[in-house]
Engineer: 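Below you will find the structure I want to go over with you.
Throughout, a chain's letter reflects where its sequence line sits, starting with A, and its residues are numbered from 1.
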2 protein chains.
Amino acid sequence: MNPQTGLDHTLMALADPTRRAILQRLTHGEARVTELAKPFDMSLNAVSKHIQVLERAHLVKRRREGREHVLAANPEPLDAAAAWIENQRAFWNHRLDLLERELKAHDASQNPRRKK
Amino acid sequence: MNPQTGLDHTLMALADPTRRAILQRLTHGEARVTELAKPFDMSLNAVSKHIQVLERAHLVKRRREGREHVLAANPEPLDAAAAWIENQRAFWNHRLDLLERELKAHDASQNPRRKK
DNA sequence: TTATCATTCAACCATTTGGTTGAATGATAA
DNA sequence: TTATCATTCAACCAAATGGTTGAATGATAA
């Protein structure tokens with residue numbers, strides 16, 4: 001219903017170091033839940049939950065292969081997140097440009113043609 | 001202590017539409033708390049708290065001017081967030097390249113010099 | 001001075017998060 | 001078949017979020 005909810009989920013999912021590590025691991029290739037859990041000092045169940053959060057954000061997709069679940073990264077939602085941030089930076093830089101221009105103009109009128 | 005805590009805070013702060021709206025508003029210029037709160041259908045106190053979350057993430061800075069607090073966006077933490085995401089995408093694209101190359105090689109050996 | 005304005009602090013509340021343990025499910029291997 | 005393996009489900013817990021209201025603080029205006 002709320003269209004920015006996707007972005008909410010994406011950023012929320014990324015805001016946890018365990019989940020970022022899982023994602024990073026998955027960009028190097030698919031992995032099963034147990035494999036993903038191995039590096040972490042927490043229960044398998046905890047990792048399972050983290051994966052579900054990543055799934056809710058559509059940052060990973062799951063394929064059932066018999067008794068094992070194979071996880072793969074799906075970086076598509078990252079596009080919206082990157083776009084939001086870049087947009088933010090663009091506006092910010094635009095504003096800085098305006099400021100600088102104004103400062104230069106002020107400078108010139110106050111103290112024209114000075115060196116350095 | 002944990003160096004990625006900054007990124008945690010940044011992404012967590014961005015994962016809320018109210019806070020993203022506040023940030024966006026601030027890229028167009030400084031504003032006081034009351035001004036920032038006006039568009040939102042929630043108490044002034046709630047917005048005050050959102051601002052504190054943005055402050056914790058160093059995404060806004062506050063200047064006291066008499067009884068009013070003037071807020072300004074500080075986009076610097078966005079750099080790390082953007083960098084993380086871009087890095088992620090780079091690795092992903094690299095992996096896709098490898099995959100495509102492998103597919104092409106396989107194709108060629110299976111069905112060499114076919115058209116289309 | 002005193003009232004008002006801008007803001008935070010404090011306490012409270014419901015919900016979500018991030019973790020645990022133990023049992024259930026469902027596929028595979030002996 | 002039966003035991004084992006991979007995984008989730010369910011219940012629980014502590015802490016954090018996102019909101020509320022009411023009082024406190026501190027600057028300004030009458």
Engineer: Rounded to the nearest Å, what distance is computed from the CD atom of residue A:Glu65 to the P atom of nucleotide C:dT28?
Structural biologist: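 In whole Å, C:dT28 P lies 10 Å from A:Glu65 CD.
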
Engineer: Counting only side-chain heavy atoms from C-beta out, which of D:dG18, C:dG19, C:dC9 sits nearest to B:His50?
Structural biologist: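 Nearest nucleotide to the side chain: D:dG18.
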
Engineer: Can you tell me if the side-chain N/O atoms of A:Ser43 get under 4.0 Å from OP1 or OP2 in C:dT20?
Structural biologist: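 Yes, because at least one side-chain N or O of A:Ser43 sits under 4.0 Å from OP1 or OP2 of C:dT20.
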
Engineer: Salt-bridged, B:Glu35 to B:Arg32, with N to O below 4.0 Å?
Structural biologist: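 Yes.
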
Engineer: When the distance from CG of A:Leu14 to C1' of C:dT17 is rounded to whole Å, what number comes out?
Structural biologist: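 Interatomic distance, CG of A:Leu14 to C1' of C:dT17: 16 Å.
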
Engineer: Whole Å only: how far is the CG atom of B:Leu54 from the P atom of C:dT8?
Structural biologist: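 Going from CG in B:Leu54 over to P in C:dT8 covers 12 Å.
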
Engineer: More 5' along DNA chain C: A:Ala46 or A:Arg67, using each one's nearest nucleotide?
Structural biologist: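 By nearest-heavy-atom nucleotide position, the 5'-most residue is A:Ala46.
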
Engineer: Crowded around A:His28 NE2? As in, over 12 foreign heavy atoms under 6.0 Å?
Structural biologist: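 Above 12, so yes.
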
Engineer: If each of B:Val70 and B:Lys49 is mapped to the nucleotide of DNA chain C with the nearest heavy atom, which maps nearer the 5' terminus, i.e. the 5' end?
Structural biologist: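 Going by which nucleotide is closer to the 5' end, it is B:Val70.
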
Engineer: Nearest whole Å is fine: how far is C:dT8 C1' from B:Leu71 CG?
Structural biologist: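 Rounding to the nearest Å, CG of B:Leu71 and C1' of C:dT8 are 13 Å apart.
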
Engineer: For A:Arg56, which contact category applies under a 4.0 Å heavy-atom criterion: base, sugar-phosphate, or nothing?
Structural biologist: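 Counting heavy atoms under 4.0 Å across all strands, the contact made by A:Arg56 is with sugar-phosphate only.
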
Engineer: Look at A:Glu55 together with A:Arg62 and state whether they make a salt bridge at an N to O cut-off of under 4.0 Å.
Structural biologist: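 Looking at A:Glu55 and A:Arg62, the cut-off is met.
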
Engineer: What's the CZ-P distance between A:Arg62 and D:dA6, to the nearest Å?
Structural biologist: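 Roughly 15 Å, once rounded to whole Å.
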
Engineer: Only one of B:Val47, B:Leu59, B:Val53 passes side-chain contact (heavy atoms from CB on, under 4.5 Å) with B:Ile22; say which it is.
Structural biologist: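 Single pass found, and it is B:Val47.
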
Engineer: Which whole-number value in Å describes the distance from B:Gln52 CD to D:dA16 P?
Structural biologist: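 These atoms are roughly 16 Å apart.
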
Engineer: Report the distance from atom CG of A:Leu44 to atom P of C:dG18, rounded to the nearest whole Å.
Structural biologist: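 Rounded to whole Å, this separation is 17 Å.
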
Engineer: Choosing from C:dG18, D:dT8, C:dG19, which nucleotide comes nearest the side chain of A:Arg19?
Structural biologist: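 Output: C:dG18.
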
Engineer: For the base of C:dG18, is there a side-chain donor-acceptor partner from A:Asn45 under 3.5 Å away?
Structural biologist: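 In this structure, the two groups form no donor-acceptor pair.
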
Engineer: Write down the partner of D:dT8 under the Watson-Crick or G-U wobble criteria, each distance required to be under 3.5 Å.
Structural biologist: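 Pairing partner, where one exists within any strand: C:dA23.
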
Engineer: Any non-hydrogen side-chain atom of B:Leu71 less than 4.5 Å from a side-chain atom of B:Lys61?
Structural biologist: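 Sidechains of B:Lys61 and B:Leu71: no contact.
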
Engineer: In the strands shown, is C:dT2 matched to any nucleotide by a Watson-Crick or G-U wobble pair with both distances under 3.5 Å, and which?
Structural biologist: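 With both distances under 3.5 Å, C:dT2 matches D:dA29.
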
Engineer: What does C:dG18 pair with, Watson-Crick or G-U, if both distances are under 3.5 Å?
Structural biologist: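 Because both required distances fall under 3.5 Å, C:dG18 counts as paired with D:dC13.
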
Engineer: Can you see if the side chain of A:His69 gets near the phosphate of D:dA6 - specifically, an N or O under 4.0 Å from OP1 or OP2?
Structural biologist: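 Looking at the OP1 and OP2 atoms of D:dA6, neither is under 4.0 Å from any side-chain N or O of A:His69.
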
Engineer: Check every atom of C:dA6, C:dT17, C:dT20 against the side chain of B:Arg32 and return the nucleotide holding the closest atom.
Structural biologist: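 Among the listed nucleotides, the one closest to the side chain of B:Arg32 is C:dA6.
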
Engineer: In whole angstroms, how far is the C1' atom of C:dT8 from the CG atom of B:Leu36?
Structural biologist: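 Going from CG in B:Leu36 over to C1' in C:dT8 covers 15 Å.
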
